[in-house]
Amino acid sequence: MAVPLFDTASTLAPLRDELRAAIDRVLESERFILGPEVDAFERELAAYTGVAHGVGVANGTDAITIALRAMGVGPGDEVVVPSFTFYASAEAIPPTGATPVFCDVDPATYCVTADTVRAALTPRTKAVLAVHLFGNVAPVAEIEALGVPVLEDAAQAVGSDSPAGRAGALGTAATISFYPSKNLGCFGDGGMILSSDERIAEQARILRFHGSRDKVDYEQLGYNSRLDELQAAIMRVQLPHLDAWAAGRRDAARHYEQAGLGELVALPQPVAGASPAWHLYVAAHAHVERLQDALGAAGVACKAYYRTPVHRQPPMRQWGEGVELPGTEEAAARHLAIPMSPMLTRAQADEVVAAARSVSH
Ligand SMILES: Cc1ncc(COP(=O)(O)O)c(C=O)c1O
């Protein structure tokens with residue numbers, strides 16, 4: 001039995017009629033950009049997350065650039081960012097004029113910690129981009145206690161929870177991606193900035209709209225970066241199901257644990273207190289190529305996402321040169337994403353575990 005890495009089709013199958021009706025509604029409304037669907041979805045996702053404002057933008061990468069600028073980040077500033085993350089987390093920083101400063105992660109959780117962030121702080125640090133990687137929840141309060149504002153990169157963590165609140169409600173602001181494979185995915189590209197700070201939300205609204213409030217007078221150099229009505233309507237159908245899907249992702253992790261996967265590989269560890277809606281379920285193994293081969297031979301899909309950490313990617317060399325991040329190197333060398341979806345069954349988990357058991361020693 002082949003086990004896919006994701007299973008978006010089964011998750012959306014029961015919603016197809018509702019999704020078609022939502023698409024028709026937009027078609028008939030003849031409003032396609034920044035209309036009532038975007039307004040409503042911004043309010044609904046902000047309420048779900050537990051913040052005051054949502055600002056829809058074109059994708060999760062723009063969301064980071066715009067949120068940083070709305071937080072006052074600009075030329076001469078530094079933004080601390082983990083190197084073990086999707087490239088876009090760091091790529092979004094230089095367009096603000098600021099410099100990325102790479103910090104390490106804890107290879108057990110794949111997230112930044114207060115200690116790894118502290119090691120990267122300088123008097124020029126203006127913000128920390130805390131990435132909730134793979135759906136885990138980085139310790140935002142501990143980082144804020146260092147005296148720096150935190151922007152949460154919650155692209156992979158919609159639906160994840162913690163004692164202090166949901167991922168996306170913990171820092172000064174947060175950013176989300178609706179890339180189709182994400183926990184809440186649209187049918188194209190989309191993103192959102194979340195914040196309870198009225199001024200940041202207002203700045204983000206201006207920046208996404210060419211730096212203008214009305215496309216008549218222009219206050220700053222901005223972007224054309226908007227969420228469209230179709231995508232918002234599609235996600236409004238999905239949002240009421242997000243908690244059930246997040247529970248399904250937690251159940252899938254439990255299936256892996258109960259099937260004995262932890263005896264064979266290092267399982268991802270939730271950050272203390274966190275309840276992750278695992279976006280990717282990422283195991284670690286000292287001989288990861290052997291694990292990859294064994295899973296592949298059994299028809300179990302798997303993928304190494306970030307084998308080369310961001311600070312060693314060629315366009316980042318000017319900021320990554322000489323930076324030593326042992327936790328990042330360990331995570332990069334040993335990680336492997338295995339199947340994860342809200343629909344993953346115990347039988348599928350057993351299949352994955354049986355394949356992992358066949359790894360040659
Ligand atoms: C951690 C992280 N940050 C940022 C992004 C950028 O989002 P997008 O692809 O919507 O630009 C992604 C996803 O693609 C991501 O996984």
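Because the structure is predicted, anything quoted here is derived from the model rather than measured. Read the numbers this way: they start at 1 and go in the same order the structure lists the ligands and their atoms.
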Exercise for the section: Flag Val131 as yes when one of its N or O atoms lies below 3.5 Å from any N or O atom of ligand 1, and as no otherwise. Expected result: no

Exercise for the section: Output, in order, the C-alpha distance, side-chain angles, deciding distance and verdict of side chain to side chain donor-acceptor pair (under 3.5 Å) for Asp153 and Ser89. Expected result: CA-CA 7 Å; Asp153 179 349; Ser89 304; 2.9 Å; yes

Starting from [atom], locate the nearest protein heavy atom and write down its residue, its atom name and how far away it is, to 0.1 Å.
atom	result
atom 15 (C) of ligand 1	Ala155 CB, 3.5 Å
atom 16 (O) of ligand 1	Gln156 NE2, 2.8 Å
atom 9 (O) of ligand 1	Ser177 OG, 4.0 Å
atom 11 (O) of ligand 1	Thr61 OG1, 2.5 Å
atom 1 (C) of ligand 1	Asp153 OD2, 3.5 Å
atom 5 (C) of ligand 1	Phe86 CD2, 3.7 Å

May I ask you to decide whether [X] forms a salt bridge with [Y], counting only side-chain N to carboxylate O separations under 4.0 Å?
X	Y	result
Arg166	Glu152	no
Asp293	Arg290	no
Asp39	Arg43	no

Problem - Beyond-backbone contact of Lys126 with Pro149, side-chain heavy atoms, under 4.5 angstrom - result: no

Practice task
Run the contact test for Lys182 against ligand 1 with a 4.0 Å cut-off on heavy atoms, strictly below, and give the result.
Solution key: yes

Practice task
Check whether any heavy atom of Gly191 sits under 4.0 Å from an atom of ligand 1.
Solution key: no

Exercise for the section: Just say parallel, tilted or perpendicular for the rings of Tyr281 and Trp278, cut-offs at 30° and 60°. Expected result: perpendicular

Problem - Plane angle bin for Phe84 and Phe134 - parallel if under 30°, tilted between 30 and 60°, otherwise perpendicular - result: perpendicular

Handout entry: Distance filter under 4.0 Å to Gly60 heavy atoms, resulting ligand 1 atoms
Key = 6 (C), 7 (O), 8 (P), 10 (O), 11 (O)

Problem - Close-contact set for ligand 1 against Asn59 heavy atoms, below 4.0 Å - result: 10 (O), 11 (O)

Practice task
Establish, yes or no, whether a centroid distance under 6.0 Å links the rings of Phe41 and Phe178.
Solution key: yes

